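Step one of this worksheet: look at the structure below.
Predicted, not measured: the structure shown is a model, and the values here were computed from it.
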Amino acid sequence: MHFELYHPDCHPQVKKTFQAFVDTGEVKDAQLVVQRQDGSKLDVSLNVRAVRDQNGTILHSRSSWRDITERKQLETQLQEVNVELERRVEQRTQDLHAANQRLEQEMSERQQIDLARQKSEERLQLALEGSGGWDMGLGYSDRCSLLKPPNG
């Protein structure tokens, strides 16, 4: 096999592909990288079929390369878009988690304020009841109004 046709980065994969051919007599859609004379890379899909004699010995092979450079570029772009999308989803998830924590904190603070207000109203009501006849009422704004007894 002519390994010099292939880009050096691809040599380990070419050796595996060649061994698969020797073992099975066939290679289907092996994705390899050919090195052009100017040194640039060309992504190819290799298909090879052995031509055998009557004893099963490989005489030669029929092979074809198909240029898949554009497809590989599109796959790379798709991977990059997926990585960016995953990054955005992670960021949104973190933002939502932080917003939920703030809301939970705010709800807790409001519950504590409501509880303190209720206790304060109860203490005030007890104080008014102990003072003889004062009454407490709540208006539209939940402000406490003291009402004097009618005889007072």
Chi angles and distances behind the side chain to side chain contact (heavy atoms under 4.5 Å, CB included) call for Gln111, Leu115: CA-CA 6 Å; Gln111 287 174 346; Leu115 184 60; over 6 Å; no
Verdict with reasoning, Ser108 to Gln112, per side chain to side chain contact (heavy atoms under 4.5 Å, CB included): CA-CA 6 Å; Ser108 176; Gln112 291 173 1; 3.8 Å; yes
With clusters defined by side-chain heavy atoms of hydrophobic residues (ILVMFWY) lying less than 4.5 Å apart, directly or transitively, does [Y] cluster with [X]?
X: Leu5; Y: Val33; value: no
X: Val14; Y: Ile58; value: yes
X: Val34; Y: Val27; value: yes

Quick one: list whatever passes side-chain contact (heavy atoms from CB on, under 4.5 Å) with [X], sequence neighbours left out.
X: Asn47; value: Lys28, Asp29, Ser45, Ser64
X: Gln94; value: Glu90, Gln91
X: Asn55; value: Asp53, Thr57

Verdict with reasoning, His7 to Leu32, per side chain to side chain contact (heavy atoms under 4.5 Å, CB included): CA-CA 8 Å; His7 192 274; Leu32 304 170; over 6 Å; no
Hey, is the main chain of [Y] close enough, under 3.5 Å, to the side chain of [X] for a donor-acceptor pair?
X: Thr76; Y: Lys72; result: yes
X: Gln13; Y: Gln31; result: yes
X: Ser120; Y: Ala116; result: no

Contacts of [X] that satisfy side chain to side chain donor-acceptor pair (under 3.5 Å) - sequence neighbours left out:
X: His97; result: Gln101
X: Thr69; result: Asp67
X: Glu26; result: Arg49

Residues, nucleotides or ligands: over 12 heavy atoms within 6.0 Å of Arg36 CZ: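 More than 12 heavy atoms, drawn from other residues, nucleotides or ligands, come within 6.0 Å of this atom.
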CA sep, side-chain torsions, deciding dist, call: Glu109, Gln105, side-chain hydrogen bond (donor to acceptor under 3.5 Å, both in side chains): CA-CA 6 Å; Glu109 290 170 0; Gln105 179 66 30; 3.0 Å; yes
How long is the straight-line distance from [atom2] of [Y] back to [atom1] of [X], given to the nearest 0.5 Å?
X: Gln54; Y: Leu59; atom1: CD; atom2: CG; result: 9.5 Å
X: Leu78; Y: Glu75; atom1: CG; atom2: CD; result: 8.0 Å
X: Cys10; Y: Lys15; atom1: SG; atom2: NZ; result: 11.5 Å
X: Met107; Y: Asn100; atom1: CE; atom2: CG; result: 10.0 Å

Evaluation steps, salt bridge (charged side-chain N to carboxylate O under 4.0 Å, His left out), between Asp43 and Arg71: CA-CA 9 Å; Asp43 292 304; Arg71 185 182 90 199; over 6 Å; no
Steps toward salt bridge (charged side-chain N to carboxylate O under 4.0 Å, His left out) verdict (Arg117, Glu121): CA-CA 6 Å; Arg117 182 186 51 81; Glu121 287 175 1; 3.0 Å; yes
Close side-chain approach of Tyr6 and Leu46, heavy atoms under 4.5 Å: yes
Side chains of Lys41 and Asp9 in contact at under 4.5 Å (non-hydrogen atoms): yes
Shortest non-hydrogen separation from Phe21 to Ser61 and the atoms involved: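 Taking Phe21 first and Ser61 second, the nearest heavy atoms are CZ-CB, 3.6 Å.
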Nearest heavy atoms of Arg52 and Gly25, plus distance in Å: NH2-CA, 3.2 Å
Under-4.0 Å salt bridge between Glu84 and Arg87: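 Salt bridge: yes.
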Pair Gln19-Asp23, side-chain donor/acceptor within less than 3.5 Å: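 Yes, side-chain donor-acceptor contact under 3.5 Å.
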